[in-house]
Amino acid sequence: MKLKMVAQKVKSFDCFFSFLVCVFFFVCLAVGSPYFFNQQNILSLQASIAPNTMLAVGMMLLIIMGMFDLSVGSIMGFSGIFCAYLLTRNLPVIVAVLIALAAGAAIGALNGILVAYAGISPLIVTIGTQFIFRGLCELIMTSELAVSLTGFPASFLEFGNTRFLGLYPMTWIMLLVVIIFQVILMKTYFGKWFYYIGGNKSSATTMGFPVKGMTFLAFTISGLMSALGGVMSVARSQAASRYLGNGIQVDILIACVVGGGSLLGGKGGVAGALTGTIFLILLDNAFNLFGINSLFKGVVIGGILMLVVAVDGIVALRRMKAQGKI
Amino acid sequence: MSEKDIALEIRNVAKNYGNIKALRDISLTVHKGEIHALLGENGAGKSTLIKIISGEISSTEGTVVVNGKKLTTFHPTVSRSMGVAVVHQELSVFENMTVYENIFPYTEGKKAFVPKKKLIQEAQKSIERFGLNISPTEKVSNLTASAQQMVEILRALSENANIILLDEPTSGLNAKETEALMRILRQLREEGISIIYISHRIAEIVQISDCVSVLRDGCYMGTFVNDESLTEHMLISHMVGRDFEKSIYAKKVSAIKDDTPVAFEVQGFTSKKGIEDVSFSVRKGEILGVVGLEGSGTAELSRMLFGLQSREKGEIYFEGNKIPHINPTEMIRHGIMYLSNNRKDMGLYFNMSIMDNVVTPSLNSMTSGGLLSEHKMQDHTLEFVNEFSIVLDSIYDKPGSMSGGNQQKAMLSVCLGVHPKVMIINEPTRGIDVGAKLEILQFLDKLAKEGCTILCFSSDLPEIITLSDRVLIMNSGKNAGIIECDEISETSIMHLAVMDMKERAAWNENS
Amino acid sequence: MERKQLKRHIKWSDYTGIILVVLVFMLFALTTDTFLSSSNIYSILYGVSIQFFAVIGFTFLIIMGEIDLAVGSTYCLSGIFVGYLYAAEGWPLWLAIVVVLAACGMFGYAVGVLVTRFRLNSMMVTLGSMSFVAGVAAVMFNSFVQTTYSQQYRAIAKWKIGQIHWTIIGMILITIILEICLKRVPVFRKMYYIGNNGETSLLYGIKVDRIKRIAFMLSALTAALGGIISTSRISYSSLATGEGLEFSLITACVVGGASLDGGRGSILRSLLGMLLLAMLTNGLSIYRIDPFIQNIVTGAILILAVFVDVRLDKKGARA
């Protein structure tokens with residue numbers, strides 16, 4: 001009886017599925033490949049998990065509210081490149097990073113205004129800003145300016161190259177951010193607003209929750225998080241690339257959905273954003289370590305995603321039938 | 001009573017939507033520790049008034065005074081902070097959240113963190129108070145519809161409000177739950193809390209309320225103290241504004257002969273939730289009224305009959321032949337049509353022209369040489385426009401440009417376009433003006449005389465009485481009995497509709 | 001009396017797409033020398049005529065308020081798939097094409113079944129199928145040696161009727177036929193009904209699920225057709241074919257006047273949207289404006305077009 005209750009409680013976590021799959025992969029990799037615990041491998045895993053998780057955290061907040069942001073990749077790229085530009089103009093590291101983050105937040109805020117106050121669908125708005133800021137990235141990186149975007153201050157590179165207790169500073173930042181957001185979402189009234197709004201927008205409006213304000217805020221946070229991911233990525237690779245964050249929005253969306261989010265809103269959690277991202281990256285790693293053609297990755301991810309979505313839908317349909325609603 | 005005792009005062013409140021006057025000059029006073037019922041037909045303005053008090057919409061004129069303070073801005077948060085809690089007519093729970101999160105969605109004071117343990121305990125307490133069996137940590141989506149409704153009521157009760165607005169709270173509840181709610185409401189009254197209570201069930205209102213205010217067509221008809229002298233009959237006549245004897249609704253004299261063939265037969269309709277083994281048959285050209293209180297299963301039954309909702313068991317025979325697959329396409333193929341009770345969500349296309357709307361089910365016959373003919377569509381539409389004297393500027397305008405009555409006529413035109421042999425009709429005259437109402441009723445009568453079989457689901461009793469050859473009464477998802485034409489009356493119908501099963505068995509034996 | 005009841009109001013928001021196309025055309029025609037040259041116009045048309053195939057089924061879905069994000073990856077897969085069967089397995093070209101079209105169509109139908117049977121959000125499902133198809137494409141791409149395809153495959157896109165590439169003639173014919181169909185043939189007309197209100201359509205006996213499933217099939221089928229022709233044109237397979245196509249198709253449809261909520265849009269409108277985007281690319285490059293600025297302009301136009309639309313709609317509702 002008690003065990004059953006515990007089991008039910010565990011299952012009620014939205015990220016349960018992705019967590020399980022992560023553990024499964026982890027065990028498989030640990031047992032199956034002697035190279036998995038190789039320091040080089042662990043480090044490269046961190047380097048891809050940290051920035052992607054930042055994007056997924058922002059995306060997850062929007063997904064909980066029943067929206068999404070396709071411009072995260074472009075914001076990541078733009079802010080990363082912008083940060084590189086500021087750093088090479090001899091600004092202090094902290095100032096450069098803060099300005100780059102502010103720029104990302106500002107783009108997110110633009111998305112937020114267009115969605116919340118101008119009433120345009122999130123899909124349209126973020127496809128639009130995706131085009132615009134990807135264009136800006138390309139514009140900068142194909143100009144003469146691009147050549148000069150190298151040679152960053154050593155203190156900046158420490159973010160993604162030195163280690164503290166075995167982890168990169170940026171991995172610590174990621175953990176901190178995930179924990180903070182998880183606490184906010186789970187423990188505070190403010191955090192629950194995301195779920196109330198995502199679960200039933202019209203009720204939330206009639207009950208006086210600030211729906212528009214929260215929409216704006218969520219997009220702004222998504223922009224900020226994407227910028228943070230971009231900065232991390234630049235610090236790790238020691239260079240700004242024109243392909244930074246290109247096309248990553250789809251991976252992030254998939255990570256969030258696998259991690260327990262639903263595009264219909266009301267579900268998900270930041271922990272799921274982390275496990276979803278880890279899942280995608282472990283999958284990638286498994287292909288590399290086991291020498292499987294990494295091209296199968298897309299097939300597997302797509303298949304899993306369709307499966308998750310379908311199972312979700314079937315369960316919902318059954319429940320509605322049982323309740324006599326359809 | 002002195003000024004001090006007044007909890008809520010509404011002074012000369014009016015609400016206009018464009019040219020439509022939803023409320024006109026409403027003034028009423030609710031005292032502390034009073035259960036104040038609000039009574040009126042559909043569209044009388046009860047819900048509008050509730051929404052103004054709860055701050056969801058603003059009034060066009062007039063003032064609302066809550067606990068001695070005037071409402072200056074209309075916003076849900078403002079009303080709530082002044083001590084107003086509300087349960088809406090439509091279920092508005094958050095299905096993705098747990099029970100306790102639904103009961104306590106608001107911040108207490110300035111607290112940032114959710115005191116989870118305390119809230120779960122408190123939720124448990126208020127659940128137990130109702131004698132319910134739900135866990136505070138259960139997800140609301142896993143609950144039954146009636147339990148969800150209870151959760152919503154619990155939310156309003158736990159807000160520590162001193163004015164609680166309940167809009168049709170018992171519509172989805174069973175007898176036991178309703179009884180528990182009544183008990184709690186009385187208890188709250190003792191604590192000095194004021195309750196504004198909206199319900200269709202007049203018996204329930206007479207049973208619980210201290211006084212009753214009646215609204216009709218957006219106007220205030222008066223407040224009546226619930227003492228010995230108040231009768232259901234009195235309230236009804238204030239509500240509908242007519243005496244039954246002199247009513248515009250003439251009682252129908254049935255002309256259906258006993259040897260008329262059965263056109264539509266329903267056998268053993270059962271759903272997982274609600275409907276239990278409903279069977280009946282209708283003769284050709286007959287109008288069968290189907291009546292039941294909210295929650296008695298009439299809405300579900302009408303949807304199931306047309307295949308809009310899944311059923312567990314049940315068969316339909318049309319002119320003696322079984323209909324193999326019950327879904328809208330198949331039903332229409334057999335010449336059975338469904339008039340929806342909800343023009344907005346399921347009935348009319350508000351973004352398409354009136355002509356496009358009217359031709360919908362008959363699109364395939366509007367062609368010449370395989371292509372749709374504009375002329376045929378125009379002629380088809382104008383035919384109905386003339387027949388029903390629908391008032392419109394142009395058939396290329398959208399339905400939103402017409403009045404409710406004309407929209408209803410347009411929707412009827414859509415259904416009649418396929419020359420149906422059987423019509424399943426839902427609330428044919430809900431929320432429309434008296435003139436249009438009469439026209440539609442007369443038309444339905446004519447239609448039946450021409451041989452169309454009609455099943456009319458309606459909560460409007462006078463309408464049912466004028467229309468029906470026989471009336472089927474639903475009670476708790478079951479067929480509670482069918483009344484033949486000469487025995488149809490408000491009393492005989494209500495009797496079957498409100499009684500519980502035991503009583504009915506006794507009544508059946510006596511009569 | 002009757003005449004009065006037949007009058008129609010002109011709605012300007014219906015024509016924003018056309019007006020925009022004309023304005024952009026005039027702008028480039030008047031301010032540059034080369035834009036209006038017949039060879040330039042022809043190259044714009046030829047470019048659009050190939051991608052146009054992919055927008056056909058996609059538009060049907062948008063009209064019904066659904067979406068297929070897998071168009072881009074299907075576009076990519078089909079060219080590679082045909083190449084694989086034809087170049088690596090040695091099948092006759094016609095057979096390879098038929099098999100690939102059938103396979104893609106069946107896959108699209110399966111997606112449609114998933115969406116309609118379990119009432120899923122088509123964006124979620126096709127997000128998955130997009131990744132799935134792209135994965136299959138990548139696997140297939142690496143399973144045989146990539147070379148420039150033989151003359152026979154390359155000829156598909158180059159075949160001319162008279163002086164004009166068949167794709168252009170096909171585009172014009174298909175647009176005219178489908179435009180008439182969407183206005184005048186009941187089955188096509190029903191798509192607008194479904195897009196406006198699926199529940200109501202169900203009530204009046206429209207076979208909502210079946211029409212949607214077929215549209216999902218058509219979407220995959222037409223995307224595959226476009227992909228095959230596109231691969232034939234560039235003469236080799238590339239994983240970059242069709243990259244981001246789903247986004248540019250959404251942009252084209254929306255700029256042309258479709259709404260993601262469904263009930264609006266048409267093949268002609270989508271074509272106009274595509275022409276607009278193609279003219280921008282072409283015109284800006286004549287101005288020697290950095291091609292990346294085109295991205296920025298495209299994004300801005302998309303947001304602006306919808307913003308104007310939302311405003312006009314609100315005004316309309318108020319009036």
Taking atom [atom1] of [X] and atom [atom2] of [Y], what is their separation to the nearest 0.5 Å?
X	Y	atom1	atom2	value
A:Asn111	A:Ser71	CG	OG	4.0 Å
A:Ile49	A:Ile278	CD1	CD1	4.5 Å
A:Ile64	A:Tyr195	CD1	OH	3.5 Å
C:Met106	C:Met217	CE	CE	11.0 Å

Closest-packed option against chain C by number of heavy-atom pairs under 4.5 Å, given A:Leu123, A:Ile304, A:Leu264
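Ranked by heavy-atom pairs under 4.5 Å with chain C, first place is A:Leu123.
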Greatest number of heavy atom pairs closer than 4.5 Å to chain C - which of A:Val250, A:Leu253, A:Ile124, A:Leu305:
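Option with the greatest count: A:Ile124.
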Which portion of [X] sits near chain C, non-hydrogen atoms under 4.5 angstrom:
X	value
A:Leu307	neither
A:Ser143	neither
A:Val257	side chain
A:Phe68	side chain
A:Ser121	side chain
A:Leu114	side chain

Max heavy-atom pair count under 4.5 Å with chain A, selected residue of [options]:
options	answer
C:Thr298, C:Val115, C:Leu304, C:Ile293	C:Ile293
C:Val125, C:Asn121, C:Leu127, C:Leu114	C:Leu127
C:Ala138, C:Ala300, C:Ser248	C:Ala138
C:Val297, C:Asp261, C:Thr126, C:Asn142	C:Asn142

Would you check, one step at a time, whether the test side-chain contact (heavy atoms from CB on, under 4.5 Å) holds for C:Gln146 with C:Tyr236?
CA-CA 7 Å; C:Gln146 293 298 322; C:Tyr236 56 90; 5.7 Å; no
Mark yes or no for whether [X], through its side chain, and [Y], through its backbone, hold a donor-acceptor pair below 3.5 Å.
X	Y	result
A:Arg134	A:Gly73	yes
C:Thr251	C:Phe247	yes
A:Thr215	A:Val211	yes
A:Ser74	A:Gln130	yes
A:Thr129	A:Val125	yes

Check each atom of [X] against the heavy atoms of chain A and say whether the ones under 4.5 Å are side chain, backbone, both or neither.
X	value
C:Val254	side chain
C:Leu260	side chain
C:Ile301	neither
C:Ser73	neither
C:Ile250	side chain

Mark yes when over 12 heavy atoms from residues, nucleotides or ligands other than A:Tyr243 sit less than 6.0 Å from its OH; otherwise mark no.
no
